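Only a predicted model underlies this, so the values are computations on that prediction, with no experimental measurement involved. Remember, it's 1-based here, ligands and their atoms both numbered in the order they're listed.
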Amino acid sequence: MINTELSNIAEIVLNQRKFFQTSKTKDVDFRIEQLKTLKQAVIEHKQSIIQALQADLHKPEFEIYMTEFSIIKEVDYAIKHLKTWIKPKKAAVSWEFFSYFAQIYAEPLGVVLIIGPWNYPFNLIISPLVGAIAAGNCTIIKPSELAPHTSHVLAEIIAKYFDPAYIAVLEGGVETSQELLAEKFDHIFFTGGTAVGKIIMAAAAKHLTPVTLELGGKSPCIVDTDINLEHTIRRITWGKFLNAGQTCIAPDYLLVDKKIKKDLVDGLQECLKEFYGEQPDNSPDYARIINQKHFDRLVSFLKDGAIIIGAETKPSELYIAPTLIDNVSLVDPIMQEEIFGPLLPIIEYTNIAEAIALINSRPKPLALYLFSQNKNLQKRVLQETSSGGVCINDTLMQFGASSLPFGGVGDSGIGSYHGKASFDIFSHDKSVLQNSFWLDLKWRYAPYKGKLPLIKKFLG
Ligand code: NAD
C-alpha cells in the first residue's frame with residue numbers, strides 16, 4: 001500500500017512516466033498477463049473484499065457477487081477481445097489517395113488517473129482499470145475515502161500484485177484528490193457527483209487533460225398501462241432498493257400513468273414485504289446508508305410529500321426503510337437533487353406528453369426507464385428525450401451488457417466505458433497515412449502556373 005504521507009505524489013507519477021517510457025505496457029502479451037493477474041487477485045481476495053464491502057455498506061453477499069464481482073466478466077471480455085481491438089484498423093481513402101495506405105492505431109495515452117465513488121467502491125475502480133490496462137496505460141487510483149475498508153483492501157491487493165510504477169493506489173480524501181489533480185495526467189477517469197465532476201474538469205483543463213466523467217442525476221422511470229404489472233413491480237423494486245437505493249442508475253422517481261397508479265402502488269408495497277419482510281431492518285438482504293451526512297440528507301427528504309409506506313429510521317444503524325412517497329411537489333427538495341437512497345417519489349401523469357415535458361425540463365439523466373410494450377410509445381420516448389442510456393421494461397440491467405457503452409450526457413457525464421468502449425476511452429486513435437515512392441505527380445508543387453484549372457476541376 002502506498003501511503004501518501006510517505007511517498008511524494010509527484011515522484012509516483014514520475015516513476016510511472018518512466019515505466020511507461022520503457023514501452024513495456026505496449027506489448028499485448030504484457031497487457032493480457034496483467035489482466036489475468038488482476039482477475040486472479042480478485043478471485044484470491046474475494047473474502048476480504050466481501051468483508052470490506054459489508055463493513056462499509058452492509059452489502060448482502062448476493063449483491064456483492066452480482067454487482068461488484070461482475071467485474072470478472074469485464075476482465076474476461078477484455079482478455080478475449082484485446083488482440084482484435086489492438087489491431088491497426090485499415091481506413092478507406094478516396095481515389096485521389098490511390099498511392100496511399102491509411103490506418104488507425106490505438107495508442108495508449110500514458111499515465112492515467114482513476115478517481116472512484118463509495119457506492120460500488122470496488123467495481124467502479126476495477127472496471128475502468130480493466131480499460132486502462134487493456135489500452136496499455138500506467139494507472140494511479142484514488143478510491144473513495146467514504147468506503148474506507150474497501151479502499152484499504154484495494155490498496156493492499158494492488159500493492160501485492162502490481163509494481164507501483166505501473167499501477168498504484170493512493171488512499172485519501174479530498175486533499176489527496178486535489179494533490180493528484182495538481183499533477184499532469186494523460187487522462188482522468190472520474191466517477192462521482194456532478195458538482196465534484198465540475199471541479200475535476202476545471203483542474204484537468206489546466207493541463208489540457210481529457211476527462212471521462214461518470215456522474216449521476218435524477219433518472220426517471222415511466223410506467224405506462226401496457227405492461228405486465230407483476231414483472232414491472234418486481235423489476236422496479238429491485239432496481240430502486242438494491243444497495244438501499246445508492247446506485248447511480250437507480251430509478252430516482254416514478255412517472256406513472258394515472259390509470260394504473262393504484263395497482264402499481266399496491267403492488268410495490270406487497271413486493272417490498274415479499275423482498276425484505278415486514279421489518280426490513282431485520283432483513284439480511286437490505287443495505288445501510290453510507291454515513292451520517294447522507295443519512296441526515298435523506299431523512300430531511302422525508303418531510304416532502306405523503307408517505308405511503310416506509311420512512312422508519314434507525315440512526316444508530318444508518319438504516320432507512322424502503323419508502324414510497326406520494327404527492328411530492330416538483331419544487332420539493334426531494335425532486336430538486338439526486339435522491340441516492342431508498343426513497344421513491346411517485347408522480348402521476350394523464351398524458352405521456354406531460355411526463356416527457358417534465359423530463360425535458362430537467363438536466364439530462366444518466367438513465368431513463370420506460371415500462372411499456374407499446375411500440376409507438378417506446379419510439380416516442382426514445383425520440384423526444386435524451387439520457388445517458390435507456391432501459392425498456394427493466395431496470396439497471398443496461399450496466400451489465402459489455403457490448404453497450406455506459407455513460408452520461410449533459411449533466412450526467414462525458415464519455416462512456418465498458419467492453420470495447422473502456423479500451424477506446426483510454427486509447428488515442430492515431431491516424432497513420434503512408435505514401436509510396438513509385439510515383440510522384442507534380443500537380444501540388446510550385447510553381448503553380450497553369451495548374452489552377454486542374455485544382456479547380458478536382459477540388460473546387
Ligand atoms: P463524490 O463526487 O462526492 O466523490 C467521488 C470522488 O471524488 C471521491 O473519491 C472523493 O474523494 C473525490 N472528491 C470529492 N470532493 C472532491 C473535491 N472537492 N475535489 C477533488 N476530489 C473530490 O461522489 P460520491 O458521493 O462518492 O458518489 C456519489 C455520486 O456518484 C452520485 O451522484 C452518483 O450518481 C455518482 N455515481 C455515478 C456513477 C456512474 O457510473 N455514472 C456510478 C456511481 C456513482
Side-chain angles (χ1 to χ4, degrees), residues 4 9 56-57 67-68 70-71 74 113-128 131 140-148 150-151 154-155 169-183 185 188-204 206 209 211-219 240 242-252 289-295 297-298 336-341 363-367 387-389 396 398-400 404-418 421-422 425:
T4 47
I9 286 179
D56 285 331
L57 282 143
T67 62
E68 302 272 6
S70 53
I71 184 61
E74 273 280 306
L113 172 64
I114 296 173
I115 301 179
W118 52 261
N119 61 334
Y120 292 91
F122 189 74
N123 184 319
L124 296 176
I125 288 289
I126 301 294
S127 182
I140 293 182
I141 293 166
K142 212 295 282 170
S144 172
E145 71 282 15
L146 301 186
T150 312
S151 171
L154 271 165
V169 174
L170 293 187
E171 290 193 83
V174 176
E175 330 70 53
T176 309
S177 231
Q178 285 168 346
E179 269 188 72
L180 279 164
L181 291 169
E183 297 295 323
F185 288 92
I188 297 175
F189 187 103
F190 170 80
T191 307
T194 302
V196 181
K198 289 178 185 170
I199 296 172
I200 303 290
M201 194 162 171
K206 291 199 179 120
T209 299
V211 290
T212 304
L213 300 178
E214 294 287 334
L215 309 177
K218 290 184 86 61
S219 297
K240 177 67 188 185
L242 182 93
N243 203 27
Q246 300 164 112
T247 304
C248 57
I249 46 171
D252 188 274
I289 305 307
I290 184 73
N291 60 22
Q292 191 68 42
K293 187 175 148 216
H294 281 282
F295 177 85
R297 184 182 63 83
L298 289 163
Q336 291 297 311
E337 61 176 272
E338 181 183 8
I339 298 171
F340 217 55
K364 293 179 180 181
L366 184 57
S387 55
L396 312 190
Q398 74 273 28
F399 190 84
L404 286 178
F406 176 83
V409 59
D411 284 22
S412 57
I414 297 175
S416 45
Y417 73 131
H418 288 182
S422 295
I425 210 128

Quiz item: In chain order, what residues pass the ring pair (Phe, Tyr, Trp, His ring centres under 6.0 Å) check against Tyr417, with sequence neighbours excluded?
Solution: Phe189
Quiz item: Under 4.5 Å between any side-chain heavy atoms of Thr247 and Phe399, yes or no?
Solution: no
Exercise. Using the side-chain contact (heavy atoms from CB on, under 4.5 Å) rule, take Leu154 and Glu171 through it: C-alpha gap first, then chi angles, then the decisive distance, then the call.
Key: CA-CA 9 Å; Leu154 271 165; Glu171 290 193 83; over 6 Å; no
Self-check item: Result of checking Ser144, Ser151, Pro148 against Asp56 for side chain to side chain contact (heavy atoms under 4.5 Å, CB included)
Solution: Pro148
Self-check item: Straight-line distance of Ser416 OG to Glu214 CD, nearest 0.5 Å
Solution: 7.0 Å
Pairwise, report which nitrogen or oxygen atoms of ligand 1 are under 3.5 angstrom from protein nitrogen or oxygen atoms, and how far apart they are.
from: ligand 1; atom 1: 2 (O); to: Gly193; atom 2: N; distance (Å): 2.8
from: ligand 1; atom 1: 9 (O); to: Gly116; atom 2: O; distance (Å): 2.7
from: ligand 1; atom 1: 9 (O); to: Lys142; atom 2: NZ; distance (Å): 2.9
from: ligand 1; atom 1: 11 (O); to: Lys142; atom 2: NZ; distance (Å): 2.7
from: ligand 1; atom 1: 11 (O); to: Glu145; atom 2: OE1; distance (Å): 2.7
from: ligand 1; atom 1: 11 (O); to: Glu145; atom 2: OE2; distance (Å): 3.4
from: ligand 1; atom 1: 21 (N); to: Ser177; atom 2: OG; distance (Å): 2.9
from: ligand 1; atom 1: 23 (O); to: Gly193; atom 2: N; distance (Å): 3.4
from: ligand 1; atom 1: 25 (O); to: Trp118; atom 2: NE1; distance (Å): 2.8
from: ligand 1; atom 1: 26 (O); to: Trp118; atom 2: N; distance (Å): 3.3
from: ligand 1; atom 1: 26 (O); to: Trp118; atom 2: NE1; distance (Å): 3.4
from: ligand 1; atom 1: 30 (O); to: Gly192; atom 2: O; distance (Å): 3.2
from: ligand 1; atom 1: 30 (O); to: Gly193; atom 2: N; distance (Å): 3.4
from: ligand 1; atom 1: 32 (O); to: Glu338; atom 2: OE1; distance (Å): 2.6
from: ligand 1; atom 1: 34 (O); to: Glu338; atom 2: OE1; distance (Å): 3.3
from: ligand 1; atom 1: 34 (O); to: Glu338; atom 2: OE2; distance (Å): 2.5
from: ligand 1; atom 1: 41 (N); to: Glu214; atom 2: O; distance (Å): 3.4
from: ligand 1; atom 1: 41 (N); to: Leu215; atom 2: N; distance (Å): 3.4
from: ligand 1; atom 1: 41 (N); to: Leu215; atom 2: O; distance (Å): 2.7

Quiz item: Sub-3.5 Å donor-acceptor pair from the side chain of Glu68 to the main-chain atoms of Phe122, do we have one?
Solution: yes
